[in-house]
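Everything quoted here is computed from the prediction, not taken from an experiment. Just follow the structure's listing: the first ligand is 1, and inside any ligand the first atom is 1.
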Amino acid sequence: MTFKSAYLKLTLFYVLVAMIISAIFSILLYQMSSNEIDRGLGRQDRFLRELPANNIIPERIQQMEQIRLEQLKESNNHLRLSLIYFNLLILILSSGISYFFARRTLRPIEDMMDAQNRFTADASHELKTPLAAMRSEIEVNLRDKKLDMAGVKKLLESNLEEIGKLETLSNALLKLARYQEDVKLSFKKLSLPEIIIESFEKVESLAKEKKIEFENNLQDIKIKGDRQSLVELFVILLDNAIKYSPEKSKVYISTEKENEYTTIKVRDEGIGIKALDLPYIFNRFYRADSSRSKEKMDGYGLGLSIAKRIVELHGGIISATSKIGKGSEFMVRL
Ligand code: ADP
């Protein structure tokens, strides 16, 4: 609704500008043409006046003067009418063209607003879920007359778990917001294996819990990038590889340099991603059904969108291939 009125206002503004230009142009044209006609008729008049005295009949001159004035009036009327028609035509044409341009101008803003609204709705929904769970647990426990210390402890533990989820979500949202703005990353020459090892150290305990082994094939490659965000990128990919893999499986990391491109691959032997889900996994809040329902894995579908943004800020591309039940491979090209 707000955008409809914005379209209308912008259209009116464009039409107003077009009509002001057209009116100025018409007034100038009218003045110039009217002067020109007047000058042309004046010449005839002068010619008559300059005739030898015996050829001049005063009534004739008066008649000519009369005709001149009438002709001038008539020509001016014609001119005025033509200019009115011209301006009407401009009004009709400029209305159509202005509406077209108003839509074109506002379309990207409307799309951005739509995306922003969808994001706010999704974020609110995700925030509401743990809050609702906490509220209902607290309400049930408060109604329980026989609630003992053990029950209270259990409730607090469960609440703490939900608070943890809220914290994870708000951290992810903050990261996303930070990378969404035009952040100034500090680009430096970095050692790629060092970054990958630093990322690996951050997820090592998770891998140990699931007895997942890592197999690395890291070349000594130097890249230009922002250290902190690149570590964040590989933590997201490694964390997913661990999260969506069965116990005692393997995760493979390899790096390769070809011409000026550096390729980093993270491959797992996990649950895989359906071909239907693959195009959407980098969208904000997108989670494949398998990670939402059956397995009940933690996450909000924000990791890969943050990863994609980091890669974009480094002028690179990220892609994924996967076979359901066999595993997935994420490829970053910088
Ligand atoms: P999440 O927090 O849900 O892991 P992500 O944005 O990191 O969010 O990933 C989006 C979705 O992509 C996940 O919910 C999951 O369905 C799928 N996915 C990502 N990485 C993998 C992987 N290595 N193996 C299988 N599925 C994956």
Compute the minimum heavy-atom distance from F330 to ligand 1 and say whether it is under 4.0 Å. yes

For ligand 1, does N240 get within less than 4.0 Å through its side chain, its backbone, both, or neither, judged by non-hydrogen atoms? both

Donor-acceptor pair, distance only, cut-off 3.5 Å: does the side chain of K210 make one with the backbone of S245? yes

Within less than 4.0 angstrom of ligand 1, does G270 place any heavy atom? no

One residue to check: D277. Relative to ligand 1, which of side chain, backbone, both or neither has a non-hydrogen atom less than 4.0 Å away? neither

So for A288 against ligand 1, with non-hydrogen atoms under 4.0 Å, the contacting part is both

Quick note on ligand 1: atoms under 4.0 Å from a heavy atom of R287 include exactly 1 (P), 3 (O), 14 (O)

In terms of ring plane angle, is the pair F200 and F214 parallel, tilted or perpendicular, where the classes change at 30° and 60°? perpendicular

What atoms of ligand 1 come closer than 4.0 angstrom to any heavy atom of G299? 2 (O)

How many angstroms lie between atom CG of N87 and atom OG of S94, to the nearest 0.5 angstrom? 9.5 Å

Pair D277-Y286, side-chain donor/acceptor within less than 3.5 Å: yes

Quick one: does L29's side chain get under 4.5 Å of L79's, heavy atoms only? no

Assess R80 against Y30: is NZ or CZ under 6.0 Å from the centre of the six-membered ring, and within 45 degrees of the ring's axis? no

Element-labelled atoms of ligand 1 that are located less than 4.0 Å from some non-hydrogen atom of K243: 1 (P), 2 (O), 4 (O)

Does any donor atom in the side chain of T105 or Y14 lie under 3.5 Å from an acceptor atom in the other side chain? yes

Is there any N or O on I273 that sits under 3.5 Å from an N or O of ligand 1? no

Would one find an N or O of I236, backbone or side chain, under 3.5 Å from an N or O of ligand 1? no

